[in-house]
Structures are given as structure tokens and as C-alpha cells.
Amino acid sequence: MRCTPFHLVELTSVFVEYALASTLMIRVLHFSDVHVDIPLCAMPLRDLLVPKRMLGAANLELRRRKHFKQAREKLAELARFADREQIDLAVCTGDYTALGTEPELIAARAAIDAVIKRPLGFVTVPGNHDIYAEHAAHARFERVFGELLKTDLPELAVDGPFPIVRLFGDDLAVVAINSVRPNPQPWRSSGRIPNAQLAALRAALADPRVASRLVLVMTHYAPCRADGTPDKKLHGLDNAEALLEVCANAPRAAILHGHVHGRYHVLGPAGQKLFGAGSATQEHREGIWVFELDGDGSTATPGTWNGVSYALDRAASVVF
Ligand SMILES: [Fe+2]
Ligand SMILES: [Fe+2]
């Protein structure tokens with residue numbers, strides 16, 4: 001076929017569209033720890049008879065529930081905020097529920113539905129409240145959130161679907177690591193990244209399909225607290241140092257996490273960039289991040305709840 005002027009015009013416009021698509025900014029919403037709850041009478045009795053959950057249920061009724069009573073309304077508003085801010089991709093670092101029962105997971109999945117309908121989709125990991133006390137809870141989470149746990153590099157998955165690796169445009173990759181485990185002991189809420197996932201993360205960061213991009217590594221547990229010190233032994237990530245060491249070899253990586261209810265940004269010991277979203281819905285502590293990513297430079301802007309909606313604090317943006 002001969003190339004006519006019409007074909008040349010068409011080819012040129014395709015090329016321009018491709019060039020624009022490869023350099024356009026991607027806007028990412030990071031939220032976490034929404035802790036959507038349901039009445040105890042809606043939870044299976046056999047689940048409530050687990051000792052850890054008996055104590056958790058008492059704590060939920062006496063203390064916790066009041067702090068998250070507007071969780072659903074705030075999530076509905078977060079969806080409107082994401083529409084207004086033209087968010088391309090949403091990510092959530094877990095703790096959807098209070099006690100990790102299946103009816104809670106289903107309720108939370110419904111409550112986030114409008115937030116996660118973004119042009120580039122949604123990436124997530126479970127939190128310790130979603131796995132809570134039983135090994136079977138991993139399968140339960142994957143049953144309810146399964147269609148949200150797709151990966152673009154299935155050959156790197158070593159632990160169910162994890163690590164999930166998603167590639168967006170030419171400049172962004174998201175790697176989701178599952179760091180939660182059942183904690184049947186009432187006094188423990190700590191986590192650990194399995195060695196196989198750490199090795200897969202190392203392989204993913206070195207993979208040519210990922211290495212040239214800005215990489216958002218996301219997991220539930222905080223590698224360190226807002227002041228840079230390790231989290232408490234019974235609450236934190238057992239092998240936080242190993243995660244930080246793996247990410248130290250990826251200068252274009254940032255680590256996104258939840259678990260500690262309070263939004264913050266801190267640098268790790270080797271300059272690793274850490275962003276904790278805190279809780280998007282806990283009364284008086286609401287926090288989120290919005291990342292604006294392009295090939296030339298990226299910013300992270302904190303957001304909070306102003307009593308009516310979520311609002312960004314542009315004066316506090318972090319360039320990274
Ligand atoms: Fe939480
Ligand atoms: Fe947590």
C-alpha cells in the first residue's frame with residue numbers, strides 16, 4: 001500500500017497521541033485504614049467466639065466504633081473528591097474492617113466502590129484488621145477482593161497474588177506487598193513480609209520492565225514511625241529493615257503504607273521516601289495523599305477532612 005498524505009496525517013496524529021500519553025501526568029490517590037464496621041449481630045457467631053475477636057468486639061463497642069461512625073459518608077465524599085481532582089489511579093493500604101469477618105469485608109468493598117472506579121483502576125493490600133486471627137482469612141480476603149488483586153507480572157507472584165506488580169503508562173509501576181499475618185494473640189498486631197515476597201520485590205525492582213519507572217511500593221505496615229524510629233515490637237513490621245534495605249537499591253521508589261493512624265512523610269535511614277496515609281476516616285485524624293507523577297518530577301500533596309469534604313494542602317506538597 002502506498003503512503004498517501006492522508007495516511008501521513010493519520011500516522012502523525014497517532015505518534016503525537018502516543019508521545020503525549022507517554023509523558024502525561026498520572027494522579028494517584030492513596031488512602032488507608034477506613035475501618036468500615038457493621039453491627040456485631042451481622043457477624044457470624046462462630047467468628048465472634050474466637051478469643052481475640054471477643055476482646056476486639058468489646059473494644060469495638062466500648063471505644064472504637066464512635067471514631068469511625070461516619071466512615072461510609074466520608075468514603076462517598078472521597079469518591080466525589082477523586083472525581084473533582086481527576087484522580088487516575090487509587091491505592092489503598094488495607095484495614096478495611098474492624099474484626100475481619102466476611103460480612104465486614106463485603107460491606108467495606110461496597111463502601112469503597114465509587115472511590116476505586118478510576119480510569120487506571122485500583123491496587124490494594126489487606127491490613128491486619130482484615131486478616132485478624134485466622135490463616136483462612138487470607139483466602140476470605142482474596143474471595144471478596146479477588147477481582148482487585150490482578151497483576152501484570154504473574155511470574156513474580158510467590159504468595160497468592162503477591163507481590164502484585166502493575167505497570168501504568170511508560171513511567172509508573174506499583175508493587176503491592178502483603179505484610180499481614182493472623183495475630184491470634186490479643187496483645188499482638190505486628191506483621192512480617194515473607195522472605196519469598198521480599199526476594200520477589202528485589203527481583204521486581206531490578207526487572208527492566210520496572211526498573212526504568214518511578215515505583216510505588218505499597219504495604220500495610222509502616223517501616224518506621226513519623227519520627228523515623230522503628231514502630232513498637234508488638235505493633236510494627238518485624239522485618240522493616242529488610243524492606244528498607246531492598247528499597248534502598250531503587251532510588252526512584254517510594255514506600256506507601258497505612259497502619260499508624262496519622263498521615264506523615266519521613267525519610268528512611270538511606271533516604272528512602274516513606275508516605276503513611278494514616279486513616280482516611282478516623283474522626284479528627286483523617287488523612288490522605290495525592291501523588292502527581294510524571295517523567296520530570298513528582299509531588300506528593302497531603303489532604304485532610306475539613307468537616308465537609310477532603311481538601312489538599314498545596315503549601316505542604318513534597319517534591320520527590
Ligand atoms: Fe488501622
Ligand atoms: Fe493496621
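Both counts, for ligands and for their atoms, begin at 1 and track the order of listing.
- Here His129 does not reach the Fe ion (ligand 2): none of its N/O/S atoms is less than 2.8 Å from the metal.
- For Asp33, the N, O or S atom closest to the Fe ion (ligand 1) goes by the atom name OD2.
- The closest approach of His261 to the Fe ion (ligand 1), by N/O/S atoms, is made by NE2.
- The nearest N/O/S atom of Asp95 to the Fe ion (ligand 2) is OD2.
- Here the two rings, on Phe275 and Tyr264, have centers that are 6.0 Å apart or farther.
- Arg181 and His138 share no donor-acceptor pair across their side chains, judged by distance under 3.5 Å alone.
- For the atom pair Trp305 CH2 and Thr281 OG1, the distance stands at 10.5 Å (nearest 0.5 Å).
- Distances from the Fe ion (ligand 1) show that His259 has no N/O/S atom below 2.8 Å.
- Coordination check, Asn128 versus the Fe ion (ligand 2): passed, since an N/O/S atom of the residue sits under 2.8 Å.
- Distance alone, capped at 3.5 Å, is enough to place a donor-acceptor pair between the Asp152 side chain and the Leu167 backbone.
- Using a cutoff of 4.0 Å between basic side-chain nitrogens and carboxylate oxygens, Arg263 and Glu286 are not scored as salt-bridged.
- Checked against the Fe ion (ligand 2), the N, O or S atom of His220 at the shortest distance is NE2.
- In this pair, Trp289 and His265 present their aromatic rings perpendicular. The plane angle is above 60°, beyond the 30 to 60° band.
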